[in-house]
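Reminder, nothing fancy here: chain letters follow the sequence lines and each chain counts from 1.
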Number of protein chains: 2
Amino acid sequence: MTTPNNNERRIFFNDDKCPIRNVVLQIGDKWSALILFALVDGADRFSSLKKRVVGISQRMLTQTLRDLEREGYVSRTVYPEVPIRVEYALTELGRKLVKPLYQLVSWADDHHDEIKQNRKAYDENVD
Amino acid sequence: MTTPNNNERRIFFNDDKCPIRNVVLQIGDKWSALILFALVDGADRFSSLKKRVVGISQRMLTQTLRDLEREGYVSRTVYPEVPIRVEYALTELGRKLVKPLYQLVSWADDHHDEIKQNRKAYDENVD
DNA sequence: CGGAATCCGCCGCGATACTG
DNA sequence: CAGTATCGCGGCGGATTCCG
């Protein structure tokens, strides 16, 4: 993080040097965080994940898993049985990421009602 | 958070009951987190924010500020001077949100290089 | 079973022009 | 100064079909 002074308080960069851009944006999409939490309790296979992450399409599950694998948060292991079995699991990096992410989600859970009330009040005043 | 058991490990809902959907998605967009951190050091006015949050367009600054205001993270105060002055500041809720969010960003900063290496290695193997 | 490929609608976001 | 209005593109993400 930058150490702001009173004269120049510009913050963060709008490119790949910015940790917000590189992490918050990555897991801030529609499915990443849900999948990460789905793997907290242990490895799971593709078809099971598809059932547990309710509402996700096959395409997005594949794509998001690929992205998470590329970041290094998730590992992919193929068991050449019949039928084939593929298991996904959190890597060491993924497990470490989940901790601060869980703090954020936990906060969200605690303040969920307050936020929903804020939205309602805002929408009513705007009409 | 749910307390998973071994038989049924389904997690989170794919609707507005899900805290991930309601908070992580909201601040996981392109500009929200950047704006929140830009306000950590104190209130700031529209034009100053536009300069400090490098690369943001007028339209997205307005829109994101409205969204953050609706959630209750940011307050908007109009000073009817000439020329007019509008100041944005974190609310109490916004200040509380920044704490776990900062933990996540700080983690991102610490592991930024590792993640970039993971991406590079992944892309090289895929070709 | 675990994908890949294709098609396509929606909308997040930027650029530009105009306003009180 | 602090917005609003309009237009348009690119890409996210869903539905469907096909494959080893």
Side-chain angles (χ1 to χ4, degrees), chain A residues 12-16 18 20-21 24-35 38-39 43-71 74-89 122 126-127, chain B residues 12 14-15 18 20-22 24-35 38-39 43-71 74-89 122 125-127:
Chain A
F12 299 118
F13 298 100
N14 183 21
D15 57 18
D16 72 342
C18 172
I20 292 184
R21 279 285 138 75
V24 178
L25 265 186
Q26 168 62 38
I27 62 176
D29 66 5
K30 193 168 181 179
W31 299 108
S32 289
L34 256 45
I35 293 176
L39 293 175
D44 201 3
R45 59 194 301 177
F46 188 88
S47 53
S48 173
L49 279 174
K50 181 153 177 10
K51 290 176 191 167
R52 293 172 57 222
V53 182
V54 181
I56 196 170
S57 67
Q58 214 164 37
R59 169 179 151 77
M60 287 314 297
L61 181 56
T62 301
Q63 183 174 308
T64 308
L65 282 169
R66 291 291 175 278
D67 291 341
L68 294 175
E69 190 187 357
R70 192 176 99 108
E71 303 288 294
V74 163
S75 67
R76 177 177 184 269
T77 310
V78 179
Y79 298 91
E81 311 167 347
V82 187
I84 193 174
R85 181 164 58 100
V86 179
E87 280 202 349
Y88 294 91
Y122 183 92
V126 171
D127 285 328
Chain B
F12 299 120
N14 183 20
D15 57 17
C18 173
I20 292 184
R21 279 285 137 76
N22 266 291
V24 177
L25 264 186
Q26 167 62 39
I27 62 177
D29 67 6
K30 193 168 182 180
W31 298 108
S32 289
L34 256 45
I35 293 177
L39 293 174
D44 201 3
R45 59 192 302 175
F46 188 87
S47 53
S48 173
L49 279 173
K50 180 152 177 9
K51 290 175 191 166
R52 294 172 58 220
V53 181
V54 180
I56 195 170
S57 66
Q58 214 164 34
R59 169 179 153 76
M60 287 315 297
L61 181 56
T62 302
Q63 182 173 309
T64 308
L65 282 169
R66 292 288 175 278
D67 291 340
L68 295 175
E69 190 188 357
R70 192 176 98 108
E71 303 289 294
V74 163
S75 67
R76 178 178 184 268
T77 311
V78 180
Y79 298 92
E81 310 166 348
V82 188
I84 193 173
R85 181 164 58 98
V86 179
E87 279 202 350
Y88 293 90
Y122 184 93
N125 286 341
V126 172
D127 286 329

Considering all heavy atoms, the nearest [X]-[Y] contact:
X: B/E71; Y: B/N22; result: OE1-O, 3.8 Å
X: A/R45; Y: A/I84; result: NH2-O, 3.7 Å
X: A/T64; Y: A/S32; result: CG2-OG, 3.4 Å

- Query: Does the A/R85 side chain pair with the main chain of A/T77, one donor and one acceptor, at a distance under 3.5 Å?
  - Reply: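 Such a contact is absent between A/R85 side chain and A/T77 backbone.
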- Message: For A/I35, is there any backbone N or O sitting under 3.5 Å from a side-chain donor or acceptor partner on A/R52?
- Response: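 No, because the side chain of A/R52 does not come within donor-acceptor range (under 3.5 Å) of the backbone of A/I35.
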Could you state the [atom1]-[atom2] distance from [X] to [N], rounded to the nearest angstrom?
X: B/L61; N: D/dG3; atom1: CG; atom2: P; result: 8 Å
X: B/M60; N: D/dA5; atom1: CE; atom2: P; result: 16 Å
X: A/K30; N: D/dG11; atom1: NZ; atom2: P; result: 19 Å
X: B/L34; N: C/dG12; atom1: CG; atom2: P; result: 18 Å
X: B/D29; N: D/dG13; atom1: CG; atom2: P; result: 13 Å
X: B/L25; N: C/dC11; atom1: CG; atom2: C1'; result: 14 Å
X: A/I56; N: D/dC12; atom1: CD1; atom2: P; result: 15 Å
X: B/Q63; N: D/dT4; atom1: CD; atom2: C1'; result: 12 Å

Do any N or O atoms of the protein come closer than 3.5 Å to N or O atoms of nucleotides 1-6 of chain C, and which pairs are they?
residue	atom	partner	partner atom	Å
C/dC1	O3'	A/R45	NH2	3.4
C/dC1	O3'	A/I84	O	3.3
C/dG2	OP1	A/R45	NE	3.1
C/dG2	OP1	A/R45	NH2	3.3
C/dG2	OP1	A/V86	N	3.4
C/dG2	OP2	A/S47	N	3.0
C/dG2	OP2	A/S47	OG	2.7
C/dG3	OP1	A/R66	NH2	3.0
C/dG3	OP1	A/R76	NE	3.3
C/dG3	OP1	A/R76	NH2	2.5
C/dG3	OP1	A/Y88	OH	3.4
C/dG3	OP2	A/Y88	OH	2.5
C/dG3	N7	A/Q58	OE1	3.4
C/dG3	N7	A/Q58	NE2	3.4

- Query: Considering the options B/L61, B/L65, B/I56, which one meets the side-chain contact (heavy atoms from CB on, under 4.5 Å) requirement together with B/W31?
  - Reply: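 It is B/I56, the one option of B/L61, B/L65, B/I56 that forms the side-chain contact (heavy atoms from CB on, under 4.5 Å) with B/W31.
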